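These numbers come from a predicted model, not from an experiment. Chain identifiers are assigned alphabetically (A, B, ...) following the order of the sequence lines, protein sequences preceding nucleic acid strands; residue numbering begins at 1 within each chain.
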Amino acid sequence: MIAPSRILSLLTERLRSAPFHLGQVRVAAGSDGRVELRHRDDAALDSAELQSFHSPNHAREIAQYDAAGEYRPLKGTPNLKRGWRMDLTGPEETRVALDIFYPAALALWAAQTDDRLRIIPLSQTLERQTGMYRYARTISPEGARELTRRRCLEGCSRRPLWSDLPSPAPGPDEIPLLCPEACSFFVAEARVVAKTEFEAKTAPPPSAGD
Amino acid sequence: MNELARLADSALLLLGHGSTENPDSSAPTLANAEQIRKQGIFAEVQCAFWKEEPGFSISDYLFESDTIYAVPNFISEGYFTREVIPRELGLEGPTTRRNGRTIHYCDPVGIHQSMTRLLASRARELAPDIPVQDSALIIVGHGTGLNAKSTEAIRVQVDRLEALGLGYGQILDAYMEEAPFIADWDQLTPLPHVLVVPFFIADGLHSYQDIPVLLGIESAPTAAASQRDVFRHNPVHIRGRSLWYSRSIGTDPSLTDVILDQVHDFRSTHA
């Protein structure tokens with residue numbers, strides 16, 4: 001038999017002390033056990049100023065493109081568009097919506113809460129790559145740190161637990177957005193950085209007059 | 001269906017490629033997952049992707065069930081199904097047991113026998129009123145000179161379609177980057193009606209942008225399918241023929257049945 005969902009029971013418990021934030025999403029308790037989601041920067045706006053949605057699956061159309069209409073393949077990118085609110089029936093629908101806004105975030109939070117989260121060192125992630133990404137493992141330590149700073153600390157709301165670079169600890173009003181292992185976006189960029197580093201090392205010095 | 005009723009304590013993991021550039025790439029996998037979720041066959045249904053979130057390697061965390069059926073929503077056997085997915089999921093073979101959990105790794109959807117039936121019905125829906133004896137059905141794939149396996153899945157489908165005796169004047173395979181080239185479609189058949197069905201999972205860069213250019217019905221790559229207001233107007237009269245162009249086979253809602261068939265087949269084979 002399946003035990004009652006641990007993720008759902010944790011979320012239900014957390015909803016009792018709402019409002020809280022997950023990334024750029026603000027989760028607040030409404031009346032009659034309902035739950036309201038909106039962009040955290042829209043917290044002070046009147047509901048009437050926001051477009052209302054009543055199905056958690058609408059999160060997909062909200063999260064798919066940024067305000068400029070650009071595709072958001074990495075949902076941790078801090079460019080979630082504003083101007084919407086979701087009026088949901090309770091924890092189950094809230095879970096569906098949050099799983100779309102930040103895939104696996106609740107599952108990783110539950111794993112961390114239960115001390116089951118395994119943090120995978122960057123070297124291990126890069127070492128197991130094959131095919132065109134095999135080359136990513138040759139990135140220099142400095143290149144990897146710089147990429148982590150740019151891609152993860154500045155370009156993503158998730159907290160890279162596998163990096164020793166300091167990242168802000170989640171506040172008491174936040175469910176942490178955890179990253180236990182460098183993602184495929186990082187690996188793809190690590191390959192590009194590694195290639196650039198290699199080319200810089202092997203490029204002939206510019207000759208006079210170039 | 002009694003067989004499927006036994007899955008009520010199990011979970012389904014659908015594995016897709018996803019894309020950092022094309023918003024339509026993961027859509028069929030997500031839609032199939034939602035459809036199967038609604039059917040209530042499994043306790044949990046989740047997706048994981050190579051190029052989107054959640055990634056393959058963290059998919060373990062998504063589940064609370066002890067038994068997981070992992071089905072690659074890929075069109076053929078190859079690098080991803082044999083190397084990347086097993087590596088990222090830490091699989092040891094068809095069945096992996098660890099930490100009190102069992103993961104069953106099923107075959108990719110594209111190689112299931114029922115894909116043939118799906119291709120046949122897609123072709124019939126595409127052009128229901130044309131005389132089939134005067135029509136060529138072309139199944140188009142990527143093809144690459146680097147891997148002989150890349151065309152095998154499509155050749156198998158063409159043979160199976162032939163065996164169904166559908167009455168088409170010709171049933172052919174063609175490829176983007178390998179002979180017979182889809183760009184030469186009018187050289188591959190003399191028949192007046194030509195039906196082209198892309199053997200891909202998603203309406204992605206290949207099926208929606210590259211192949212239409214190779215067919216000659218677009219002059220330059222166009223926007224992603226979901227960002228265009230209309231699908232193609234069939235038929236297109238070009239190169240002296242009537243050409244019908246289909247969406248990718250993986251976008252067919254019946255793919256949901258093929259996914260369940262793969263789980264069923266795994267259970268039959270590995271019982």
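We find that A:E146 and A:R149 are joined by a salt bridge, their nearest charged nitrogen and carboxylate oxygen being less than 4.0 Å apart. Taking a cutoff of 4.0 Å between a charged side-chain nitrogen and a carboxylate oxygen, B:E34 and B:R37 qualify as a salt bridge. Under 4.0 Å is where a charged nitrogen must lie from a carboxylate oxygen, and between A:E36 and A:R38 at least one such pair does. Using a 4.0 Å cut-off between charged nitrogen and carboxylate oxygen, A:R158 and B:E53 count as a salt-bridge pair. Between B:D60 and A:R118 there is no salt bridge, since no side-chain nitrogen of the basic residue lies less than 4.0 Å from a carboxylate oxygen of the acidic one. Ion pairing between A:R82 and A:D42 holds under the 4.0 Å rule for side-chain N and carboxylate O.
For a heavy-atom cut-off of 4.5 Å, chain B lies close to no residue in residues 23-33 of chain A. Within residues 84-99 of chain B, the residues that have a heavy atom under 4.5 Å from a heavy atom of chain A are B:R87, B:E88, listed by number.
Heavy atoms of A:R72 lying under 4.5 Å from chain B are absent altogether. No part of B:S59 comes within reach of chain A, as not one of its non-hydrogen atoms sits under 4.5 angstrom from that chain. Residue A:L106 does not touch chain B at all, counting heavy-atom pairs closer than 4.5 Å. Residue contact with chain B, scored on non-hydrogen atoms closer than 4.5 Å, is absent for A:Y102. If you measure heavy-atom distances from A:Q129 to chain B, the contacts under 4.5 Å come from both the backbone and the side chain.
Within a 6.0 Å radius of CD in B:E21, no more than 12 heavy atoms belonging to other residues, nucleotides or ligands are found.
For the ring pair (Phe, Tyr, Trp, His ring centres under 6.0 Å) criterion with B:H17, the lone passing option out of B:Y79, B:F80, B:F49, B:F56 is B:F80.
Taking the six-membered ring for Trp and the full ring otherwise, B:H142 and B:Y175 have centroids separated by 6.0 Å or more. Close placement of the A:F101 and A:W84 rings is indicated, their centers lying within 6.0 Å of each other.
Of the N and O atoms on the side chains of A:T130 and A:R134, not one donor lies less than 3.5 Å from an acceptor on the other residue. Side chains of B:S248 and B:S207: a donor on one and an acceptor on the other come within 3.5 Å.
Note: A:R128 leads A:R128, A:E70, A:E181 in heavy-atom pairs under 4.5 Å with chain B.
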